[in-house]
Structure formats: structure tokens, C-alpha cells
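Structure record follows, encoded as C-alpha cells.
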Amino acid sequence: MLLLVITISLYFHKFSQAETLKIGAIFDTDDPIKERAFHHAIHQIEPIHGRTIEGLVKNVPPNDPFEAMLAACHLIESGAVAILGPTTHENAHMVQTVCDNKDIPLLDVRSVAHPQNSINFYPLQQILTQIYIKLLEAWNFENFVILYENDDSLIRLAELLKFYGNGHRMVVRQLDKYQNGNYRPTLKEVWRSGATHFVLDCSTDILEEVLHQAQQVGLVTNKQFYIITNLDFHTLDLTSFQYSETNITGMRFIDPDSDEIQNLGLTLYRNDFTNTEFGFIEAWKVNLEMALIIDAVTMFGEVLNRLPKDFAIPSIDCASDKAWTYGTTLTNLVKSVKYPGYTGLIQFDNFGLRSAFGLEIIELKEGGIIKIGNWNYSDGLNINRVYPPDPPPLVEGSLVNRTFIVITCLTEPYGMRRDSEVPLYGNERYEGFGIDLIAELSKKLGFNYTFIIREDKKNGEFDESSGEWTGMIGDVISGKADLAITDLTITSERESAVDFSTTFMSLGISILYQKPKKALPSFFSFADPFSLTVWKLLAAAFFGASIALFILGRISPSEWQNPYPCVEDEFLVNQLSLRNCVWFMVGSLMQQGSEIAPIAFSTRMVAGMWWFFTLIMVSSYTANLAAFLTTESPDLPFKDVFELVQVAEKKGIKFGAKINGSTEKFFLDSKHVDEYQQIYKYMKNHEDEVMVNDNKDGVHKAEHEDYAFFMETTSIEYETQRRCGLTSVGHSLDEKGYGIAMRKNSSYRMALSTAILKLQEEGVLAKLKRKWWEEQRGGGLCPQGEKSTEGTPLNLKNVEGVFCVTIIGTVLSCVLVFVEMAVHTFKKSLRVKKPFKVLLMDEMRFYFRTSAMLKPVTAPKPEPYGFITS
Ligand code: GLU
């Protein structure tokens with residue numbers, strides 16, 4: 001009974017097996033969509049002679065031939081009539097060996113240079129190479145660079161290398177030399193070589209990144225031409241490149257605009273609809289491999305129909321040496337029929353290779369990917385550039401969506417490398433005033449930009465010997481860059497070769513030199529508060545006032561006093577002898593006083609004026625002395641450029657400037673100023689010793705040697721904010737500005753200039769200047785705006801008022817003394833009844849005849865102040 005049950009169940013098992021045809025697939029890349037494509041294809045196959053089709057899938061690790069062999073054996077032992085092969089090289093090779101052994105058809109969708117026993121659905125590489133060559137010819141690629149990913153790419157491109165091997169200048173460069181995902185070293189090298197035409201061969205996985213990095217190094221501009229060999233190029237997100245005006249040409253088998261691909265996209269990505277709503281978008285994701293998987297499996301299903309109805313399903317043990325009877329027949333059948341698939345009409349030539357096919361030639365334009373022609377086996381290449389309507393023309397000078405290559409030098413603080421712990425890429429690598437300014441302009445005008453660096457820091461000069469411009473100006477003229485920004489001074493010579501935007505910063509030339517050291521106080525430093533003239537005038541005033549007091553004292557009758565008022569004496573005495581007058585003046589000047597006190601109006605007035613004078617002078621002296629004592633007296637060997645020229649040789653001071661910069665040019669061109677010519681001659685004769693390649697070197701020299709560096713005031717300001725031992729000496733020798741350079745007659749000059757003016761008006765430029773000069777990278781370290789610490793002696797100008805007042809006061813006293821004397825004599829003439837005139841003459845005669853300070857009483861007796869005695 002048991003035996004009967006087992007026999008019946010075995011029969012049913014065998015029968016049910018007979019009802020299903022199995023097609024196996026081995027996947028070795030982690031892509032669920034490929035598996036989905038496989039199952040989709042299986043479902044497309046109608047039952048064959050009443051047998052339904054089943055798909056068996058095995059996933060194996062990439063390049064693991066042992067696992068691949070086990071998977072193949074498992075599928076064959078499970079009765080698979082064909083196997084869709086894996087894609088990694090070693091797995092594919094192993095599966096092919098197993099399938100060859102068991103005579104099971106292998107459906108291969110890989111790109112292989114020389115397909116052998118498998119049924120390879122991938123378009124024949126040799127024919128693809130023919131298409132590249134046709135494109136190279138059509139696009140006039142005479143000198144070009146092949147950028148390839150790995151050895152597989154080289155094998156693929158072997159025919160191309162052979163074809164162009166002689167007679168053409170072709171450079172071959174591997175993209176990722178160090179296998180670290182950084183393609184920039186190669187791309188930069190290529191950029192430096194000035195190459196503009198490229199054949200780019202790499203896998204879809206890295207293609208987008210390669211283009212991004214190429215854009216970062218300035219290889220995606222309107223000057224470059226690319227032919228991209230990857231047939232899935234159109235499936236990438238290319239929006240970042242479509243406005244670059246770069247000529248990028250590719251090829252594709254899949255037309256995402258066709259209804260069938262759109263439906264296929266919807267089917268394959270049906271579970272991903274959360275992200276997108278439209279099948280149209282999914283269609284762009286359908287790549288060649290997916291389409292080939294579906295084509296291979298559905299075509300094989302079609303061919304299975306052609307086998308006899310009762311063909312035996314393979315029942316093979318992998319370890320045995322048995323093979324399937326129908327394997328070779330099926331392989332030959334597939335290779336002999338034509339089948340319309342997603343990748344066009346599938347047909348194989350006499351060698352079993354897919355050499356007859358057609359594909360579309362595509363180009364990346366502003367509107368995205370467009371078809372510009374096609375290639376087919378019989379007609380060859382047919383370019384028919386019918387572009388969709390161009391996007392609305394750009395407004396004249398509009399910069400929206402343009403991409404500029406901006407060249408700059410790493411000159412502080414205009415452009416500097418950004419410090420970062422993580423690797424930075426593209427424009428992120430740089431910072432500084434110039435970098436921020438371009439970012440602000442790009443925000444305003446809507447352009448994109450890529451920074452490139454001029455490592456030798458040459459701003460640019462006209463080289464008479466070669467007749468060409470060097471440095472960044474040369475780069476702009478040659479088209480290597482569209483814009484140049486750094487401390488690039490606008491000069492008439494440069495302006496004749498390139499266009500400049502309006503000035504974004506004003507400056508002049510000045511001298512960077514070490515701050516003066518404190519000088520030792522001099523022996524007579526107490527005299528410093530007054531200039532020599534003031535001291536001389538002070539001495540003159542002193543003697544003048546003493547003499548004035550003496551004369552007035554003699555003339556003034558009130559100054560003649562009876563030494564013993566209670567006794568009627570014969571003589572009157574006068575205290576204001578010359579000696580006493582001088583002593584009185586000294587006492588007042590020294591703020592000490594004296595016993596002498598003038599009595600008359602006039603003498604008191606003179607004394608008062610002198611006190612006033614000494615009060616002001618002594619206060620001024622004290623105040624200025626305090627300033628002198630608290631300040632350092634700087635020991636600067638020169639105060640400006642003219643003094644520098646005079647003292648340089650004597651004091652051993654060297655001076656120089658940045659070589660080939662606008663500062664050197666200034667001295668060369670200043671033919672009308674002898675000193676400037678002398679400076680230029682000296683700099684030329686001592687070029688090796690005093691001229692520097694970079695501002696940094698000049699600043700270092702100024703800091704550590706006795707060296708005066710001619711530098712632009714903006715840069716001096718930057719340095720003196722950070723190096724407190726340096727200062728700017730003298731005034732600016734000229735006035736000029738920095739601008740952004742661009743090629744002559746650039747249509748965008750106006751737009752850039754207007755935007756710069758706007759940034760100026762909005763205060764953005766001032767903010768950027770503050771940021772990079774005073775705040776970032778050690779700015780604000782040294783106090784700025786310090787006036788010279790040297791005290792200045794008071795000169796005549798400072799004290800002339802007080803001298804005047806004193807002189808006027810003294811003159812008035814002289815007038816007053818005569819009035820006093822006249823009144824006194826008049827009263828006496830009334831008293832003694834003598835004529836006024838006679839008495840006056842007597843008095844006068846007495847004063848001038850003798851210098852005695854005793855006056856006989858017979859002489860007219862003075863009246864005390866306040867009342868007149870009769
Ligand atoms: N700004 C100068 C130039 O554009 C460089 C510095 C200098 O010469 O002082 O050449």
C-alpha cells in the first residue's frame with residue numbers, strides 16, 4: 001500500500017514538474033529592479049505547449065565564482081532550461097563554464113569584448129567603437145583625451161586606441177589613479193594641459209560624480225567637448241550641467257519618451273510611486289541592462305515555442321558529465337531569429353554576435369537631453385540636429401544660469417584655502433574677500449561659478465619678449481578663465497588688454513616698515529615742550545618786560561617815594577631799579593613772587609600783563625611737558641618715500657616691491673619724479689635681493705630685516721592689523737583701485753559693474769572688508785589708528801596770542817605812564833605857579849639825564865595815589 005502511495009506521488013510530482021518550464025537567473029549586484037525586470041519578462045512569456053514558465057532566482061556575491069558555480073548547479077539541477085548570467089566578471093566566467101558543460105543556454109547581457117559561447121545580447125563593442133570614431137570625426141576631435149575608469153574600459157576602447165594610435169594626438173588618462181573616488185588630480189592635470197576634447201568611458205555608478213568633479217576643476221564650461229560612451233548616460237540627473245553650455249554627446253538604446261518604455265518604467269517602479277507620480281519620470285530610470293534582461297528572457301521564451309512539443313526538460317546532476325540535448329539547438333535558434341525588443345530589433349550575425357542594431361545620438365542642452373541623430377547598421381551615422389525651440393534668448397548681458405570659471409590667487413585676504421578637518425570640494429575649498437564677493441555677485445546676477453587657482457600668484461604683466469600677457473590676465477585672455485579676481489589693480493596697460501568691472505576697493509601705494517623704536521631722551525629734553533623760537537621769544541619777552549617796567553617805573557611819578565614818609569627828606573627813591581625789575585620778572589616767571597610791588601597804574605599794568613603772560617606760558621609748558629614725558633619719542637629713520645631715498649644708503653635700509661606687480665610698474669612709469677626713478681633703478685639693480693614674488697615674502701622681510709616694502713594700502717592695513725611690529729609709513733603715492741578682469745568686450749561687464757555698485761551702496765562691500773580685515777584670521781589684534789606717539793613742541797603759532805596780549809598791555813602802560821606824568825606836572829605847575837611846559841621839560845630831563853634812583857625833593861614831589869595835594 002505504502003509503495004503504491006509513493007509511486008503515485010512520484011508520478012504526480014514528475015507530472016507537475018513537466019507542467020513548468022524554469023528559467024534561472026543569477027544576480028550578483030544589489031539591484032532589486034533587475035530582479036523585477038526578470039520576473040516581469042517571465043510573466044510576459046505565454047505558456048509554451050501548455051507549460052507555464054517559472055523564474056528561479058539566485059543571488060550571489062559579486063566576483064565569487066564558487067558561489068556562482070553552486071548557484072548555476074542548483075538552477076540546472078532544478079531543471080532550468082536557460083540561465084540569465086551574472087554580470088561581474090569572475091561570476092560570469094564561472095557560470096559560462098558550467099553552462100557550457102551542461103549545454104544549458106546562457107543569456108548574457110554584459111558588455112564583453114569577445115563574446116564566445118553564450119548568447120550575448122549586448123551590442124557588439126567593435127561596432128560601438130565604430131560609432132565613437134564616426135562621432136569623433138563628425139565633431140572634429142583631432143587632439144583629445146580619453147578618460148577611462150579601469151582595465152575593462154581600456155579593453156572596450158582597444159579598437160579606438162588602435163584607430164587613433166598613429167597620426168593623432170591622443171592622451172589616455174585613468175580617472176581614479178589612487179582608487180579613492182577622487183578624480184580631481186587627473187582632471188586638474190588634464191585642465192592644466194589645456195585639453196578641451198574628451199572621450200569619457202566609465203560606469204554609470206561614477207559618471208555623475210566624475211562630471212561634478214570635472215565641473216569643480218573647470219572642465220565643464222562652454223569650451224569643452226565630451227563624448228560619453230556610457231549607454232545609460234541619459235538616466236543620470238544632469239541638471240547641474242545642462243546650463244554649462246558644455247558640448248556633451250552620448251548614445252542610448254532606450255528612448256524614455258516612447259510609450260513602451262514609459263509603460264515599462266511604470267511597471268518596474270510601480271512600488272516606488274510614493275516618490276513620483278508620473279511614469280514619465282520612471283521611464284528615465286530604465287537602463288540598458290534592464291531592457292536587455294527583458295529582451296533576452298522574452299526572446300528566449302519566444303524561441304522555446306519552436307522546440308518540439310514534448311521536448312525533455314533538463315534533469316541533470318551537476319557532478320555528472322551529462323548535458324542537455326536541446327541546449328545547442330536552442331542557442332542556435334535564438335541566434336537565428338529576429339526579435340523586436342525594447343533595445344530595438346535583436347538579431348545576431350553569422351558569428352552569433354549582435355552587430356546589427358540601431359541607437360540614438362543624444363546631446364545635453366539647456367532643456368535637458370535631446371536626440372540629435374541616430375546610427376544604424378545599414379545607414380551608419382546620421383546626425384540631424386533638430387533642436388526643440390531654444391529657451392527664450394537671454395537678456396543682453398544677463399548672467400542667469402551662465403557658468404563662469406573664476407581664477408584667483410591665494411593672496412591674503414582676497415583668496416585663501418579654507419581650514420577644515422573634513423575634505424572639502426569645489427568652491428568650498430576657498431574663502432576670502434574675493435571669494436565672498438563673487439558669491440554675492442552670483443546671488444545678485446544668478447550665475448554659477450567654479451573657482452580655479454593661479455598657484456604662482458602672478459596677477460599678470462605684459463611680457464615684451466613673447467608679446468603675451470602672463471598671469472591671470474593671460475588666463476583671461478586665453479580663455480582659461482572667464483573672470484579674474486584678487487588684489488588685481490586696474491592699470492591703463494591691463495585695461496588695454498582686458499575689460500575691468502568698476503572698482504570694488506580703492507587703495508594707493510605706501511610703505512610697510514617696522515614700527516619706530518623708542519628713542520633715548522635727550523639731555524635737554526626739559527626744553528622740548530617749547531620750540532626754539534618760543535624759547536627765544538620768551539627770553540626776549542622777559543628782557544623786554546623787565547626794561548619796560550624799569551623805564552615806566554622811572555617815568556611814573558608815583559614810583560618816586562619818600563623812603564621815610566614821616567620825615568621830610570631831601571630825596572625820593574624809586575624801587576624799580578633795573579636789577580629789581582629783572583628780579584621781579586624772574587620771581588613772577590618762576591611763580592615765586594618778590595618783595596617788589598609796583599605802585600603806579602602803568603607799572604602795575606605791566607606787571608599784570610607779565611603775570612598773565614607767565615601764567616599761560618607756565619601752564620602750557622607744564623601741560624606739554626607732561627605729554628612729552630608720557631609719550632615715546634619715535635626713532636623713525638624716514639618719514640616718507642623721499643626721506644627714504646635720501647637715507648636708505650646711509651642707514652643700510654633696503655626697499656622693494658612685488659615683482660611684476662602694479663607697484664613695480666608704478667615706479668617704472670613715474671618718469672617725472674626723480675626719486676621714484678631712483679627707487680625703480682635700485683629695485684631693478686638689486687632685484688634678487690629686494691624684489692619678492694608674493695606679498696607674504698615682502699611682509700616677512702619687512703618684519704625681520706631692515707627692509708621697507710612698497711605695498712598697497714589695503715594690504716598694509718590687513719598686515720598691520722595682525723603684525724603689531726609693522727606700520728605704514730608716509731602717505732599714499734597714488735590712488736587706484738581693484739577690479740574684476742574679464743575678456744575684452746564682455747557682454748556682462750555692465751551687469752557686473754552695476755552689481756558691484758549695488759553691493760557698495762547696500763554696505764555689503766564694507767561688511768566684507770570688516771569681516772576679512774578686522775574679524776577673521778587674527779584681525780583686530782593690533783590697535784589701529786594710533787597717532788604718532790611723538791610729542792610736538794609748542795611753536796609760536798600756539799602761543800602767539802599770549803605774546804600779543806602782553807605786548808599790547810605793555811604798550812598801553814607806556815601810554816598810561818605819560819598820562820600819569822602829565823597830570824602830575826600839570827598839578828605841580830598850578831601849585832608852584834610855573835609853566836606846565838617848563839616843569840615837564842625839567843622832569844624829562846631828570847629822567848633821561850641820570851640813571852640815579854634818588855631824586856632830589858626839589859624836584860617835583862610825587863603825589864600819592866588817590867588824591868591830589870594842592
Ligand atoms: N595689486 C598688484 C597687481 O595687481 C600686486 C601687488 C603689488 O604690486 O603691490 O599687480
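Atoms within a ligand are numbered from 1 in the order they appear, just like the ligands themselves. Hydrogens, waters and symmetry mates play no part in the numbers below; they use all other heavy atoms, side chains included.
The protein heavy atom nearest to atom 9 (O) of ligand 1 is T663 OG1, 2.5 Å. Nearest non-hydrogen protein atom to atom 6 (C) of ligand 1 is E712 OE1, 3.6 Å. Counting protein heavy atoms only, atom 2 (C) of ligand 1 is closest to S662 OG, 3.2 Å. Of the protein's non-hydrogen atoms, R494 NH2, 2.7 Å is the one closest to atom 10 (O) of ligand 1.
The shortest N or O to N or O distance between D487 and ligand 1 is below 3.5 Å. Of the polar atoms of T489, at least one N or O is found under 3.5 Å from an N or O of ligand 1, judged by distance alone.
Here F225 and F144 keep their ring centres 6.0 angstrom or further from each other. Taking the six-membered ring for Trp, F447 and Y748 have ring centres at least 6.0 Å apart.
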Would D436 and W772 count as a side-chain hydrogen bond (donor to acceptor under 3.5 Å, both in side chains) if you check the C-alpha gap in whole Å, the side-chain angles of each, and the deciding distance to 0.1 Å? CA-CA 10 Å; D436 282 0; W772 290 109; 2.9 Å; yes
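Under 4.0 angstrom from ligand 1, the non-hydrogen atoms of N459 all belong to its side chain.
A side chain to side chain contact (heavy atoms under 4.5 Å, CB included) with Y676 is found for exactly one of V645, L668, D734, L733, namely L733.
When only modelled atom types and interatomic distance are considered, S240 and Q215 share no side-chain donor-acceptor pair under 3.5 Å.
Using cut-offs of 30° and 60° for the angle between ring planes, the Y707 and F709 rings count as parallel. The aromatic rings of F198 and Y226 sit parallel, their planes meeting at an angle under 30°, below the 60° perpendicular limit.
Distances shorter than 4.0 angstrom do not occur between any heavy atom of E664 and any atom of ligand 1. Ligand 1 does not have M711 within reach: every non-hydrogen atom of the residue lies 4.0 Å or more from it.
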